[in-house]
Amino acid sequence: MRDAPPPSAPQPTGEDGGPGALPWPLRSIRRRMLLTLAVGLVITSTVVGGITWRSVRAETEALFDYQLRQMALSLRDQGAVAPEQADALADGDLDFVVQVWSLDGRTVYANRAHATLPDRAVLGGAEILVAGERWRTFGVLARGRVIQVAQPVRIRQQLATEAALRAVAPIAWMALPLALGLVWLVTDGLRPLRRVAGALRRRDAASLQPLPATGLPEELSPLVGALNGLLARLDQTLKAQRAFVADAAHELRSPLTALKLQLQMLRRAPDEDSRAEALAQLAGGIDRAARLVEQLLALARSEPGAEAASAPLQPCDLADIARSALADTLAAAQARGTTLTVEGDGPTPLQADPSALRALVRNLADNAVRYSPPGAQVQVRVQPAADGQGPTLVVDDSGPGIPLAERERVFDRFYRRDLGGDTLGSGLGLAIVQAVAQRHGASVRLDDSHLGGLRVEVGFPPSS
């Protein structure tokens, strides 16, 4: 029996379960702010409390030293006191021990007997250790006498600690209400953000009206403005998609109806010649329907937000793409007797999507061939970048051209010019050209051609 493999180490997960996410306390802005403020409050309180503690203790020690000095100086005129009188004046509650000696070492006065005190004075302030206990003393020589006042260090430290605690206590007492105030402040500060989130949560896919932008904090206004801009763009995109679907359905209805009629005519054909004619019409209708579907798909791929439209641009050669795209149009040009020529001065490097660029060239050439009379001329020229300009694609034809008043409208979807005859189109060719050009940052310009028809210039931006 084989051993089971060891369990894999657990991976840190976030709200989405993915590894490498933030730890739990940092996933919420509120928790993050409260944690940061709480740490700051603790550090600040500790530092302020420590400084206050040391300052109060130092000041208390200085005050006690001052009291020792003043008490010693005040006893300069103390006369001799008999031992029986000293015992009567002794007070066990007095922390200070006062000793007065004459210059010959005779004790003049002692407020109470203390076995652990030295029998000699140290002039000035000093700290002495007697029988394991530390004393703070101050001795002074005045008027032929030596006066020493002593106080146990433990009592001084106890009093200093009590004074420091009384000074630090307000800081500790204020920490709790300050922490509660910070919680309220953070919660209240994030309330507008929760209102905006609630307003978005209550909406559905059809509610794309802008969010209210009044009464918002300055920090939240840019976010709401960006959201409103996104909602406006989404609304515009959805409207365009709905219009596109409606127009596409309307445009597909006609060729499908025509196919049904042509199929009925084929079934009812009385002889072989009628059947062949109906079959040819049916094949032509299928070709037109297939071309319409192909153009609809090409236009959908060029729409902003489409997966194909978000593909990264890559280095390519505009001249090679133009020659490849024109190969698809050559059969139609030969069928109409149209002369189709390509001119290009060597390689023309460009950052582009090759498939989208091929669709642009193919639609321009197909429009030029389709809308020009039989036997016309169509010239496709690729001009390399020069003088800070990017490469340019120029398509000239000898067809009827487009009047100046209609040159803006021909870029609309499903717009067709009435040219008479049997020229049929979907009205999507220039719309596809415009969408692909916009994706590549190029400009499309219509002008009169030297061949007598229409000139289409697509100017690409210079490579960075």
Kindly say whether [Y] contributes a backbone atom to a donor-acceptor pair with the side chain of [X] at under 3.5 angstrom?
X      : Y      : answer
Asp235 : Leu231 : no
Ser45  : Leu41  : yes
Asp397 : Leu454 : yes
Ser55  : Ile51  : no

Quick one: do Asp366 and Arg362 make a salt bridge, cutoff under 4.0 Å?
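Result for this pair is no, no salt bridge flagged.
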Taking only Lys NZ, Arg NE, NH1 and NH2, and the carboxylate oxygens of Asp or Glu, determine whether Asp448 and Arg407 approach each other closer than 4.0 Å.
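Looking at Asp448 and Arg407, the cut-off is met.
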In a table with atom names and distances, give each donor-acceptor pair under 3.5 Å that connects a side chain of residues 185-193 to protein atoms at least two apart or in another chain.
| unit_1 | atom_1 | unit_2 | atom_2 | d |
| --- | --- | --- | --- | --- |
| Thr187 | OG1 | Arg30 | NE | 3.2 |
| Thr187 | OG1 | Arg30 | NH2 | 3.4 |
| Thr187 | OG1 | Val183 | O | 2.8 |
| Asp188 | OD1 | Arg191 | NH1 | 2.3 |

Name of the residue among [options] meeting side-chain contact (heavy atoms from CB on, under 4.5 Å) with [X]:
X      : options                : result
Phe64  : Leu159, Val153, Ile155 : Leu159
Val394 : Glu343, Gln379, Arg381 : Arg381
Leu393 : Ile321, Val444, Val380 : Val380

Contacts table for residues 161-177: side-chain donor-acceptor under 3.5 angstrom, sequence neighbours left out:
| unit_1 | atom_1 | unit_2 | atom_2 | d |
| --- | --- | --- | --- | --- |
| Thr161 | OG1 | Arg57 | NH1 | 2.7 |
| Thr161 | OG1 | Gln157 | O | 2.8 |

Chi angles and distances behind the side-chain contact (heavy atoms from CB on, under 4.5 Å) call for Asp65, Arg156
CA-CA 10 Å; Asp65 287 342; Arg156 292 164 59 94; 2.8 Å; yes
Within a reach of under 6.0 Å around CD of Glu127, are more than 12 heavy atoms found that belong to other residues, nucleotides or ligands?
yes
Does atom CZ (Arg194) have a neighbourhood of more than 12 heavy atoms from anything else shown, all under 6.0 Å?
yes
Determine the minimum heavy-atom distance between Arg323 and Asp320, stating which atoms define it.
NH2-OD1, 2.5 Å
